[in-house]
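In each ligand, atom 1 is the first atom listed, and ligand 1 is the first ligand listed.
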Amino acid sequence: MTMNTVGRPTRPEGAAAGAEGFQSLTGARGLVQDEPLIFELGGWTKTGVDLPDVTEDADDLAGLTRAGLELPGLSEPEAMRHFVRLSQKNHAIDLALYPLGSCTMKHNPRLNEKAARMAGFADLHPLQPVSTTQGALALMDRLAHWLKTLTGMPGVALSPKAGAHGELCGLLCIKAAHEAAGQGSRRTVLVPTSAHGTNPATAAFVGYTVTEIAQTADGRVDLADLEAKLGDHVAAIMVTNPNTCGLFERDIIDIAKLTHAAGAYFYCDGANFNAIVGRVRPGDLGVDAMHINLHKTFSTPHGGGGPGAGPVVLSAALAPFAPAPWVVSGEAGLALAEAAEGEAAQAFGRMCAFHGQMGMFVRAYAYMLSHGADGLRQVAEDAVLNANYIKARLGDVMTPAFPDGPCMHEALFDDRWLDGTGVTTLDIAKAMIDEGFHPMTMYFPLVVHGAMLIEPTETESKRELDRFCDALRALALAAKGNDDKDRFKNAPHLAPLRRLDETLAARKPKLAWRPETLAAE
Ligand SMILES: *Cc1c(COP(=O)(O)O)cnc(C)c1O
């Protein structure tokens, strides 16, 4: 067990790296070194920068100056190595397939990165005079145009900074529209049982009551249940299409008609837009508001908490309530409409201090231009083809949750195929890590028992899909065979850390590091 400078083991008890039977003397695995916390590395006395000694007494705070910042003292190479070592323990789309269902983990084209780093975009300041930011405003305007064209919707708010933030924006528009029409007493939002957790969370955050809509045996919204629950108390429905079971909502037009007939708005969760981009325009289906995760459909990077971008497209009824700012064109060129006057008079406010995630706008727009309208259509077609290939290749050893008919962009399996094996969905996911694959989304959507949701995206080759399917087939046969189940029960055997107590970590997170406490222990 490696100890750090204050005598704490650098990994939890019992979580030592290494296949059973071999343990290195240092805790390293091959050339991958064990890595302590940054605070434990360098002590406090060093620094990576040369600062001149303070010569004058700078204390004009009556003795209230802080005595020591307690920043980790690392030289530049030590700091560099720390973060590179940590990055080696992480998975990334640049390393291999990242099959997380509902996340659309696709390759981020380097062309996008090149465009986003151009000084004219990357070095702007949001408070710079607009006469000096005309190019950036033009790009935002073009991006807005493409988003409106691809979705068939007349309005768009670019500023929300993630899908969930877009949901909040959409529901705030809906709330403002109801209040403007004297319908503020509508306090309920209907959400299907298969919805992503952010949908009910957003509705609750806005102050709405959430009521669930049942699902049919074939994984779609139950129209009869929807009709029974609609009424003049309902503000909106939130439906994902294609839904989180990877299926197209066949009755989507009827869903919209029933909703509108009840005086409610149709919020569509557009996180799965990748499956239909260039082929279906949500505006034609009767959608009133939909967020688009630029970091999913339009290939801008995601992970590590962001940055994402979640622009919201809006129907004619909701567009007047869109949050400021947006790009307007006048005699002096382009500008951002910010104040609650003129066109912006009904805007509900704003979602963030400035205009949103400029770097993501540039990447998404570069992606759109480099694909063109035909290329975007092919994105959707190939994403659906790849998911169906996985469903077909694994369908005989695993149990598809909805076997009838094709899926859209993700293949969903339940855990019936594991019945009697003593192996669970979690065990399979962990065993995949030993085989060199990041697990799929597990136990979501909640409506499918032991769900395994696989979204390959269009950017994987047939060779890569086959490698993935071969590994999963081998695991499936091993799980069903009579061999020792240690391969599953104690997996991952080969990861830097083994199976962690995630419940303990969630209930009693250690979020602060204090040298005194640790030294005392
Ligand atoms: C990813 C996702 C969201 C949330 O998007 P964020 O950008 O992570 O906030 C919402 N709904 C569905 C179906 C998603 O897949």
Protein residue, atom and distance nearest to [atom], heavy-atom basis:
atom	value
atom 6 (P) of ligand 1	Gly163 N, 3.4 Å
atom 9 (O) of ligand 1	Ala164 N, 2.8 Å
atom 11 (N) of ligand 1	Asp269 OD2, 2.6 Å
atom 5 (O) of ligand 1	Asn293 ND2, 3.0 Å

- Message: Counting only heavy atoms not in Phe205 (residues, nucleotides, ligands), do more than 12 fall under 6.0 Å from its CZ?
- Response: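 Incorrect, the count does not exceed 12.
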
- Is the NE2 atom of His107 crowded by more than 12 outside heavy atoms at less than 6.0 Å?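 Yes, NE2 of His107 has more than 12 neighbouring heavy atoms, counting only those of other groups under 6.0 Å.
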
- Query: Would His295 count as a contact of ligand 1 if the rule is a heavy atom under 4.0 Å away?
  - Reply: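 The answer is yes, since His295 has a heavy atom less than 4.0 Å from ligand 1.
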
Considering only NZ, NE, NH1 and NH2 on the basic side and carboxylate oxygens on the acidic side, decide whether [X] and [Y] come within less than 4.0 Å.
X	Y	result
Arg110	Asp94	yes
Arg281	Asp284	yes
Lys430	Glu502	yes
Arg499	Asp427	yes

- Using a strict cut-off of 4.0 Å, indicate which atoms of ligand 1 neighbour a heavy atom of Ala271.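 Ligand 1 atoms under the 4.0 Å threshold to Ala271: 2 (C), 11 (N), 12 (C), 13 (C), 14 (C), 15 (O).
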
- Task: For Lys296, take its heavy atoms, then give the atoms of ligand 1 lying under 4.0 Å from any of them.
- Result: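 Counting atoms of ligand 1 from 1, those under 4.0 Å from Lys296 are 1 (C), 2 (C), 3 (C), 5 (O), 14 (C), 15 (O).
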
- Item | Centroid-centroid distance, His260 to Phe266, less than 6.0 Å |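 Here the rings of Phe266 and His260 have centres that are no less than 6.0 Å from each other.
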
- Message: Tell me the contacting part of Glu167 for ligand 1: side chain, backbone, both, or neither, using a 4.0 Å heavy-atom threshold, strictly below.
- Response: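 It is the side chain that gets close, since no backbone atom is under 4.0 Å.
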
- Consider every N or O of Ser102 and every N or O of ligand 1, then say whether any pair is closer than 3.5 Å.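 Between Ser102 and ligand 1 (N or O atoms, distance only) the closest approach is under 3.5 Å.
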
